Engineer: 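Can you keep this structure in mind? I'll have questions shortly.
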Amino acid sequence: MSLSTTDDPPWEGLDGAERHAVCLTAAREGDRAALHVLVSELTPLVWHVVRGQGLNRPAAEDVVQTVWLAFLRHLNRLTEPRALAAWLITTARREAVRVRSAERSGASAAPAEMLDQVPTADGQPEAEAVRDDRDRRLWSAFRRLPQRCQDLLRLTVLAGRARYEAVAEAMGMPRGSIGPTRGRCLDSLRALLDAEGGSR
Amino acid sequence: MNSTSDDELLDQLAQVLERADPMPDGLLDRVRFAIDLESYLDVEVARWEHGSALAGVRSSAEPGSVTFTVDDLTVMVSFLRTQRGYRIDGWLAPPGPHTVEVRIDGHGSSTTTADTNGRFALPDVPRGVTQILVHLSGNGRSARTVVTPTLVL
């Protein structure tokens, strides 16, 4: 048992989805500290979801902000606080797709000097961006997985491994198939690593 | 061989995601600033119009002009460098006597009202992380505030 003072915010000592549900409830009542906790802890999830959709870094940053601004408006409409992560993932992905398709339809509008800043065709960094040798092999293997496996594994590590509901909802998969599918994706990842000379 | 367990591999993957593609410096601060608004309820998010607000060139010395939109309002804004900061000239379409607010992180905000042609100007705005808000007055729909993501000027 831990002693807590009355000054402790109600999310103190909680973690994961439970912590964020409590923060969401507090944020609804105007608690800005609660809102900032959500931003600090869930922005990495939003960032990587958007980058996974192939946006370059500056465009991804705009989308991250757009998602959080849209979140303000939805603060009172998110009836199920535990659905927050799923809402963020879904909104981030939808917004990223929207920006990407707008870019494609007017692709020539980008000045040439900007293209240099785009690391690869799909906006993700090349393996060379990673210094450590093991990391580089892992990143390179990860990037060769089917897109759906990349998305699933990315969400798994970012949304928290226990958040099957959020991941299932965002992926449009039945909850029961997340575990087995993830297992198969990890097996593929191991096979790619082995093919490259060991998974260690 | 396959000595890494699923959990170990996921741990490694979490690390490599962070190292290969870290969030931009200051992103959390800019998000916190962008959402630190008076009221959340009437917020409507404007999107930069493609081709005007090219991400990546926006933090360059002379950002020029940007256009942002919501479904029933277009806002064009141009920035002209001054000695101390920027002069902002803008135009709302369709025009209306709406209040335009420019927030600069650490420097409060400047406010003006668009004229009957939808034009507005703020002659001296400090540089910094900037957000533009348009407070739309009633006319049929309930009052709303159109807000943009931040620009770094």
Side-chain angles (χ1 to χ4, degrees), chain A residues 32 35-36 39-40 43-44 47-48 51 56-66 68-73 75-76 98-99 102-103 105-106 109-111 113-114 117 124-125 127 129-132 134-136 138-139 142 153-154 156-158 161 182-183 186 189-190 193-194 198-200, chain B residues 1-37 39-60 68 131 144-152:
Chain A
R32 305 232 162 180
L35 191 58
H36 287 182
V39 167
S40 303
T43 297
W47 168 256
H48 286 289
R51 292 281 290 152
N56 65 34
R57 292 173 63 87
E61 165 153 359
D62 279 348
V63 171
V64 168
Q65 294 193 24
T66 301
W68 282 112
L69 286 167
F71 168 75
L72 291 184
R73 201 178 153 96
L75 207 48
N76 288 309
R98 172 185 176 140
V99 170
E103 273 177 3
S105 64
E113 62 269 25
M114 224 191 99
Q117 297 173 20
Q124 289 276 292
V130 185
R131 260 208 211 123
D132 180 83
R134 189 192 74 181
D135 281 358
R136 188 158 53 228
L138 181 56
W139 182 246
F142 175 73
L153 293 180
R154 190 182 277 115
T156 300
V157 299
L158 290 163
R161 285 166 213 182
R182 187 170 80 188
L186 286 169
L189 184 59
R190 275 195 206 89
L193 280 168
D194 284 347
S199 57
R200 299 193 55 83
Chain B
M1 288 294 290
N2 283 344
S3 51
T4 39
S5 71
D6 283 5
D7 277 341
E8 282 170 335
L9 197 51
L10 288 168
D11 282 341
Q12 290 175 14
L13 200 53
Q15 288 170 19
V16 84
L17 260 182
E18 180 47 38
R19 288 188 200 131
D21 196 18
M23 291 195 296
D25 285 344
L27 174 60
L28 290 180
D29 288 336
R30 289 190 290 277
V31 171
R32 287 191 203 106
F33 170 72
I35 67 173
D36 195 14
L37 302 170
S39 161
Y40 302 154
L41 297 178
D42 61 349
V43 162
E44 185 164 353
V45 190
R47 289 160 175 98
W48 304 115
E49 189 138 290
H50 175 71
S52 71
L54 284 165
V57 294
R58 289 220 306 273
S59 53
S60 65
F68 60 89
Q131 180 183 43
R144 297 175 290 151
T145 300
V146 174
V147 302
T148 66
T150 60
L151 279 155
V152 181

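If you're wondering where the values come from, they're calculated on a predicted model, not measured in any experiment. Here is how names work: the chains are called A, B, and so on, in the same order as the sequence lines, proteins then strands, and each is numbered from 1.
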Engineer: Is the backbone N or O of T150(B) less than 3.5 Å from a side-chain atom of Q65(A), with the two atoms forming a donor-acceptor pair by type?
Structural biologist: yes
Engineer: Would you mind checking which part of W68(A) comes under 4.5 Å of any heavy atom in chain B, side chain (CB onward), backbone (N, CA, C, O), both or neither?
Structural biologist: both
Engineer: Apply salt bridge (charged side-chain N to carboxylate O under 4.0 Å, His left out) to the pair D25(B) and R30(B), showing each step before the final yes or no.
Structural biologist: CA-CA 10 Å; D25(B) 285 344; R30(B) 289 190 290 277; over 6 Å; no
Engineer: Going through the checks in order, is the salt bridge (charged side-chain N to carboxylate O under 4.0 Å, His left out) test met by R144(B) and D42(B)?
Structural biologist: CA-CA 5 Å; R144(B) 297 175 290 151; D42(B) 61 349; over 6 Å; no
Engineer: Report which part of L75(A) has an atom under 4.5 Å of a heavy atom belonging to chain B: side chain, backbone, both, or neither.
Structural biologist: side chain
Engineer: Using non-hydrogen atoms and a 4.5 Å limit, figure out which bit of V43(B) sits close to chain A: side chain, backbone, both or neither.
Structural biologist: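 Its backbone and side chain both get close to chain A.
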Engineer: Check this for me: does any side-chain nitrogen of one of R182(A) and D6(B) sit under 4.0 Å from a carboxylate oxygen of the other?
Structural biologist: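 Salt bridge flag = no for D6(B) with R182(A).
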Engineer: Taking every heavy-atom pair that is under 4.5 Å apart, which of A70(A), S40(A), G183(A) has the most such pairs with chain B?
Structural biologist: S40(A)
Engineer: Using non-hydrogen atoms and a 4.5 Å limit, figure out which bit of L138(A) sits close to chain B: side chain, backbone, both or neither.
Structural biologist: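 Contact with chain B involves the side chain of L138(A) alone.
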Engineer: Rounded at 0.5 Å granularity, tell me how far CD in E61(A) sits from CG in N56(A).
Structural biologist: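 Between atom CD of E61(A) and atom CG of N56(A) there are 11.0 Å.
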Engineer: Please rank V64(A), T66(A), V63(A) by heavy-atom pairs under 4.5 Å with chain B and give me the top one.
Structural biologist: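 Counting heavy-atom pairs under 4.5 Å, the top option is T66(A).
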